[in-house]
Amino acid sequence: MTISWAELIEHISACQACGLRAGCHRVVPGEGDPNARLMFIGEGPGADEDRLGRPFVGRAGELLTKMIHSIGMERTNTYICNVVKCRPPHNRTPLPEEMDACKGFLRAQVALVRPKIIVLLGSTAGKAVLGDQFRVTRDRGRWVEKKGVWFMPTYHPSALLRDETLKRPAWEDFKAVREKIRELSGE
Ligand code: URA
């Protein structure tokens with residue numbers, strides 16, 4: 001039997017399985033359409049997300065929202081979450097044990113949403129889902145299909161804010177996502 005959304009959110013909110021909960025303000029489970037065809041997975045909450053309890057609401061979130069619009073979608077038609085649900089101190093990369101502690105929640109979210117396409121934003125999401133050998137510069141832009149779900153790894157929006165030259169390849173990846181959505185809906 002699969003867990004319900006209400007139970008899952010309760011578990012995520014109460015979780016103390018790693019040290020991150022003690023150092024953050026709010027837990028950021030994720031948000032969006034619980035039946036979305038398209039899902040985004042980022043790394044972990046930053047300062048703005050930690051303050052508001054919502055994923056991707058800071059500068060990187062603004063850019064992600066624009067990119068979602070650029071492929072003709074709205075944030076509310078997608079589901080957005082992170083590998084870890086609590087902010088790592090000073091936005092450091094989550095440790096392997098922190099990602100492991102949160103992995104069951106991510107799996108449960110994917111099982112409940114049942115998206116057709118999952119966009120992996122950056123190295124941490126790529127590694128968490130596709131394995132430790134994942135390298136974003138090498139592997140981005142290439143579809144990976146697992147159990148009927150299509151994964152598109154691409155750069156994290158924060159990386160695009162730091163390095164403008166990554167915007168073009170990221171845009172190519174988003175166009176591929178747009179095409180795949182059309183293909184899968186038989187357009
Ligand atoms: N970066 C992430 O990876 N996730 C967020 O929610 C915000 C910034």
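As the structure lists them, so they are numbered: ligands from 1, and atoms in each ligand from 1. Positions are given from 1, in the same order as the sequence printed here.
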Requested in this report: Please could you name the atoms of ligand 1 that Glu43 approaches to less than 4.0 Å, counting only its heavy atoms?
Outcome: 2 (C), 3 (O)

Report task. Check each atom of ligand 1 against the heavy atoms of His156 and keep those under 4.0 Å away; list them by number with element. Result -> 1 (N), 2 (C), 3 (O)

Report summary line: Note: Arg75 and Gly61 closest approach over all heavy atoms is NH1-O, 4.0 Å

**Report entry** Under 3.5 Å: N/O of Asn82 near N/O of ligand 1
**Finding:** yes

Query raised in the report: Among Gly42, Ala47, Gly44, Gly122, whose heavy atom sits nearest atom 2 (C) of ligand 1?
Result: Gly44

Query raised in the report: If we only count heavy atoms from C-beta on, is the Glu43 to Leu121 side-chain gap below 4.5 Å?
Result: no

Query - CA sep, side-chain torsions, deciding dist, call: Glu62, Arg59, salt bridge (Lys or Arg N to Asp or Glu O under 4.0 Å) - result: CA-CA 5 Å; Glu62 266 171 40; Arg59 277 184 75 222; over 6 Å; no

Query raised in the report: Heavy-atom distance under 4.5 Å between the side chains of Ile41 and Gln109, does that happen here?
Result: no

